[in-house]
Number of protein chains: 2
Amino acid sequence: MRKPTINDVANLAKVSTATVSRVINKQDGIKTQTKERVQKAIEQLSYIPNALARSMVRKQTNTIGVIIPDINNPFFPLLISGIEQQARKKSYFTILCNSNESPEIESELIQVLLERSVDGLIITTADEYGHQLQPVIERKIPVVAVDRQIKNFEVDTVLVGNVDGAYQATRHLILQGHTKIAIIRGPQKTTPGYERFAGFQRALEEYKIDLDEGYIIEGDFKEQSGYEGTKRLYSLKEPPTAIFTSNNLMTLGCLKALTEIGWILGEQVGLIGFDDLDFAEFVNPPLTVVSRPMRQLGEAAFDLLYAQMTSEGDWTKRHYVLSPEIKIRQSCFLKSPNQQK
Amino acid sequence: MRKPTINDVANLAKVSTATVSRVINKQDGIKTQTKERVQKAIEQLSYIPNALARSMVRKQTNTIGVIIPDINNPFFPLLISGIEQQARKKSYFTILCNSNESPEIESELIQVLLERSVDGLIITTADEYGHQLQPVIERKIPVVAVDRQIKNFEVDTVLVGNVDGAYQATRHLILQGHTKIAIIRGPQKTTPGYERFAGFQRALEEYKIDLDEGYIIEGDFKEQSGYEGTKRLYSLKEPPTAIFTSNNLMTLGCLKALTEIGWILGEQVGLIGFDDLDFAEFVNPPLTVVSRPMRQLGEAAFDLLYAQMTSEGDWTKRHYVLSPEIKIRQSCFLKSPNQQK
DNA sequence: GTGAAAGCGCTAACAT
DNA sequence: ATGTTAGCGCTTTCAC
């Protein structure tokens with residue numbers, strides 16, 4: 001009734017545990033005959049090796065931890081798929097954790113992952129200063145930061161070009177004839193929040209367009225803030241003719257507000273969002289967006305982590321920056337006469 | 001440079017490992033003074049207990065495995081959130097795995113989870129016959145099936161009323177005056193696929209509407225099949241005036257096809273989907289759907305698992321069925337004159 | 001080619 | 001109130 005152990009197998013097969021261990025681990029130097037006897041015993045007992053015990057002696061778990069801030073953001077499942085796919089190839093197992101954008105939960109999760117002796121960590125942190133990572137760094141556990149940088153520690157990082165993407169988005173708006181352009185930006189203490197705003201600014205400066213303070217809305221990357229921000233914008237004496245939303249959730253919120261208040265997309269207001277949405281094509285008119293190669297981001301992150309985990313001695317930290325792509329659909333053209341085209 | 005162990009702490013604090021263990025586990029019966037000494041040592045070494053070692057002796061990991069078939073289906077993140085939230089309350093840790101709808105991967109994952117000695121398993125299986133679960137059942141590891149039943153074993157189950165939801169959806173279509181109603185159904189070997197079709201049939205029978213064989217499209221719950229199914233429907237000599245899609249991804253595919261072929265939603269064809277979509281309100285016209293309480297599903301699943309894990313002796317298997325709700329928006333009204341209203 | 005035995009880091013009796 | 005010690009199930013020298 002007890003879970004069978006390597007001992008039970010050894011007894012049944014009339015060999016030592018060492019031999020069983022060798023069979024399990026596919027080491028050679030074992031007579032075919034005994035090997036088969038062992039395999040039959042394993043079969044009979046439906047023995048499953050205990051990974052905990054193995055990890056204790058090997059001092060490695062073949063497990064990596066992945067911490068993401070919001071599993072309900074469609075961005076992350078794709079990222080996760082990318083990570084898992086690569087991990088699976090190298091037979092690493094992934095433990096996925098959701099910090100829910102809370103630095104406290106993130107700290108707890110790190111603690112728990114450390115207790116469970118993960119071999120490495122991939123993280124999109126909820127707090128870019130990264131004090132939470134202290135224990136990880138201390139133990140020299142391989143880490144890679146995805147999508148958001150860590151300020152306090154020098155760690156491997158994989159990002160997409162935020163400044164670049166936001167710059168392109170804003171320029172697109174400008175080239176459509178918009179001059180009253182608003183941004184619903186993310187928290188300025190996060191890299192994406194900060195950089196996307198920087199790209200936005202750069203485009204405006206380059207085209208010598210003034211930035212009205214009232215056109216800057218402080219969001220938090222969640223739907224609700226996009227929703228409220230849009231309403232705020234609409235209530236301005238002079239509402240913008242175009243909005244750049246800094247992430248998909250806020251784009252969604254913006255869209256909801258637009259519909260609700262009857263601010264007509266593509267006629268009275270243009271919109272471009274950072275990050276694609278699976279339904280962007282069904283919005284009326286279809287939504288123009290900055291799209292990020294999320295899956296590749298995940299793949300690159302694991303590859304980097306793997307390189308780190310398997311490298312001996314010193315490791316030189318690397319930063320990868322992938323390029324976003326702007327998907328032009330139709331939400332940025334304005335049909336009103338005072339806009340060109 | 002080595003990870004500090006309980007021994008290091010004991011030495012530094014000049015106590016035995018047993019005492020350190022007691023402090024770590026917050027057992028009382030320890031002089032405040034020594035306790036503090038131990039805590040200081042822990043602090044100084046930034047010691048983190050090794051959960052592997054602990055689990056080995058305790059024979060429990062406080063970890064549950066969760067296997068879902070498709071992390072990119074917006075349904076599952078919600079489910080996961082529900083599970084995690086409850087798990088966290090009872091300080092259980094969740095390992096999330098994605099089978100990608102593959103029974104083979106699912107088997108592997110189960111194997112790995114078993115190797116890692118999870119205390120329980122929550123699963124939405126990729127193969128409802130459930131042979132993969134054999135080893136889990138054998139070891140008497142608590143399991144709960146979510147959203148899809150297991151045919152070969154009697155296990156705790158949490159579902160939503162598929163028949164009911166599909167029945168309501170179809171009836172809604174009928175009451176809008178539709179008689180040429182098609183269904184894009186899921187694989188008939190899965191419970192949701194089968195039951196949703198049954199609900200569909202029941203409504204038609206009840207209202208004495210004939211079911212044209214050509215109106216039954218065999219999908220696989222993925223976007224592509226919804227897309228292709230819709231095109232097939234359109235190419236019929238006599239296309240249906242309404243479509244019931246059996247899950248969100250196929251609804252999405254259907255929508256894409258509709259747009260592409262110019263089959264106008266709400267004018268030439270009505271649509272109701274099983275499962276809500278975050279953008280259902282932005283479709284033109286807004287999409288009517290059958291909505292499932294996904295978060296609650298997850299909560300209920302963990303609660304059930306927890307009850308099982310903490311119960312002594314025999315456990316009577318339970319089945320919970322939560323009720324879906326139909327969210328009426330506007331995609332089912334037809335504007336053409338030969339339909340009532 | 002195979003076995004004996006020493007741990008891995010921790011907990012839980014059992015002593016004291 | 002605290003210490004001693006025997007494992008938990010496995011891998012890995014080191015012998016034979």
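Here is how names work: the chains are called A, B, and so on, in the same order as the sequence lines, proteins then strands, and each is numbered from 1.
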Over how many whole Å does the gap from A:R116 atom CZ to C:dG9 atom C1' extend?
15 Å
From the options D:dT11, C:dG3, C:dC10, select the nucleotide whose nearest atom is closest to the side chain of B:P49.
C:dC10
Of A:A53 and B:A18, the one whose closest DNA chain D nucleotide lies more 5'
B:A18
When the distance from CE of B:M56 to C1' of D:dC8 is rounded to whole Å, what number comes out?
4 Å
Would you classify A:S55 as touching base, sugar-phosphate or nothing, given that sugar-phosphate means primed atoms plus P, OP1 and OP2, and contacts are heavy atoms under 4.0 Å?
nothing
How many Å lie between CD on A:Q60 and P on D:dC10, as a whole number?
17 Å
Looking only at side-chain N and O atoms, does B:S16 come under 4.0 Å of OP1 or OP2 in D:dT2?
no
Would a 4.5 Å heavy-atom cut-off, applied to side chains only, mark B:I122 and B:L304 as touching?
no
Ion pair present between B:D8 and B:K3, side-chain N to carboxylate O less than 4.0 angstrom?
no
How many whole angstroms separate atom CD of A:Q27 from atom P of D:dC10?
15 Å
Considering only side-chain heavy atoms of A:T5, which listed nucleotide, C:dT2, D:dT12, D:dG9, is closest?
D:dG9
May I ask you to verify if any side-chain N or O of B:N25 is less than 4.0 angstrom from the OP1 or OP2 atom of C:dT11?
yes
Atom-to-atom span, CG of A:L52 to C1' of C:dG9 - whole angstrom:
12 Å
Would one find a side-chain N or O of B:K59 under 4.0 angstrom from OP1 or OP2 of D:dG9?
yes
Separation of atom CZ in A:R54 from atom P in C:dG9, rounded to whole Å
18 Å
What residue among B:K317, B:Q308, B:R318 forms side chain to side chain donor-acceptor pair (under 3.5 Å) with B:D156?
B:Q308
With a 4.0 Å cut-off on heavy atoms, is A:S21 in touch with a base, just the backbone sugar-phosphate, or nothing at all?
base
What's B:V20 touching, base or sugar-phosphate or nothing? Going by heavy atoms closer than 4.0 Å.
nothing
Which listed nucleotide (C:dG3, C:dA12, C:dC10) is nearest to the side chain of B:R58?
C:dA12
To the side chain of B:T19, which of C:dG9, D:dG9, D:dG3 is closest?
D:dG3
As a test of understanding, state which of A:I80, A:T94, A:I71 forms a side-chain contact (heavy atoms from CB on, under 4.5 Å) with B:L96.
A:I71
Using heavy atoms to find the nearest nucleotide of DNA chain C for A:T17 and A:I30 separately, return the residue whose nucleotide is more 5′.
A:I30
Salt-bridge criterion met for A:R292 and A:D147 (N-O under 4.0 Å)
yes
Nearest whole Å is fine: how far is C:dC10 P from B:I42 CD1?
10 Å
How close or far is atom C1' of C:dG3 from atom CZ of A:R37, stated in whole angstroms?
13 Å
For a quick test of reading the model: is some side-chain N or O of B:R22 closer than 4.0 Å to OP1 or OP2 of C:dT11?
no
Flag the pair A:R148 and A:E101 as a salt bridge only when some basic side-chain nitrogen lies within less than 4.0 angstrom of an acidic carboxylate oxygen.
yes
